[in-house]
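Lettering follows sequence order; numbering is per chain, from 1.
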Amino acid sequence: MPELPEVEAVVRTLRPLAQGRRIRCVHVFHPIATKPQSASRVALQAQGRRIRIVARKGKYVLLVLDRGLLTMHFRLAGQLLWFSNRRELLKLANQAENGVHVDVAFELDKGVLGFADRRHFGRVHVWESADDSPGLRVLGIDPLSRDFTSSRFTQLLAGSKRSLKDFLLDQTRVAGIGNIYSCESLCHARLDPRRHANTLKPQEARRLHKAIVSVLARALECCLHPAPDFRDPDWWFQGLENILRAYGREGKPCRRCGQPIRRVAQGGRSTYWCGRCQQ
DNA sequence: AGGTTGTCCTGGCAGC
DNA sequence: TGCTGCCAGGACAACC
């Protein structure tokens, strides 16, 4: 599932391909991908616009247009695709044989950008301004930004009584962390995911802040080498499993102490942690 | 206002 | 082996 590091790697790869280009034509093959906005609204508002900036906010990809903006969110399984031209797009998109699933495609003045999510959780939306997007408006601090300081983070922790795991998943506090990197950060910081945010000592809060920064930086490095290849519809980030210490490792030995990694459900999703190292 | 719950989808897999 | 049924997972609306 794409979280901040994966989305950041996608944005850095997309930027040289799309920034400065004009959107000639929009194809909405699966209107579910623009819900609740209508396909025609998305097409009409994007068509003819120039992409001024390719950026990321939390887990959103932003295409800032010369008028308004376009957001893409991958949720669990969304991805970007790249086609040489319209002919290649129409030959491959959603064909029964050798078909590539494509939900929305943007014909640029050079190349075609595709958005695909066969599970149809991912979304493509258009907005007059960033303030019009409910998802963007409420986003908290970006952990890769300068604003993400230890003291600011400590303040946020003190203001919440939720569990650390739920706190980290809350995009309105810190934006971009999902299930994987919340588990990894807590593992790195040696903190029990079930502890409540406002119970951390200052030194523990600093540890968690440092852990988040370092876990995300390491994952981003991994996501950039090799960088995403939008031309290969089967491409996915390689080697991430190797850097994970807790996520998805239930029953396997903790890399620090050897104790089996445990799993519990928190807020309806799985949390992985080491019962010995993380207190 | 902060916190919690239900909903949206479908691939993949457990269980028969 | 083949089929059915169940559920994870991120954002967000709707509730408490």
Here the gap from A/R152 atom CZ to A/Q155 atom CD, rounded to the nearest 0.5 Å, amounts to 7.5 Å

From NZ of A/K59 over to P of C/dG10, roughly how many Å is that when rounded to an integer? 6 Å

From CZ of A/R123 across to C1' of B/dC8 the rounded distance in Å is 7 Å

Report which part of the nucleic acid A/R137 touches: base, sugar-phosphate, or nothing (heavy-atom distance under 4.0 Å, all strands). nothing

Just how far, in rounded Å, is P of C/dG10 from CG of A/L168? 13 Å

How is A/Y247 classified with respect to the nucleic acid when contacts are heavy atoms under 4.0 Å: base, sugar-phosphate, or nothing? sugar-phosphate

Ignoring hydrogens and geometry, is there a side-chain-to-backbone donor-acceptor pair from A/E3 to A/G178 under 3.5 Å? yes

Please determine if a side-chain N or O atom of A/H73 lies less than 4.0 Å away from the OP1 or OP2 oxygen of C/dG10. no

For A/F167, answer base if it contacts any base atom (sugar-phosphate contacts may also be present), sugar-phosphate if it contacts only those atoms, and nothing otherwise; contact means non-hydrogen atoms under 4.0 Å. nothing

Do A/R269 and C/dG10 share a donor-acceptor pair, side chain to base, under 3.5 Å? yes

To the nearest 10 degrees, what angle separates the axes at the start and end of the helix from B/dG2-C/dC16 to B/dC16-C/dG2, five pairs each? 50°

Aromatic ring pairing A/Y272/A/Y247, orientation class (parallel under 30°, perpendicular over 60°, tilted between): perpendicular

Just call it for A/L169: base, sugar-phosphate, or nothing, with non-hydrogen atoms closer than 4.0 Å on any strand. nothing

Compare the minimum distances between each of B/dG11, B/dG3, C/dA13 and the side chain of A/P134, then state the nucleotide with the smallest one. C/dA13

Determine, step by step, whether A/S133 and A/H125 satisfy the side-chain contact (heavy atoms from CB on, under 4.5 Å) criterion, reporting the C-alpha distance in whole Å, the side-chain angles of both residues, the deciding distance to 0.1 Å, and the verdict. CA-CA 9 Å; A/S133 159; A/H125 291 137; over 6 Å; no

Among C/dG9, B/dC9, B/dG3, the one nearest any side-chain atom of A/K161 is B/dG3

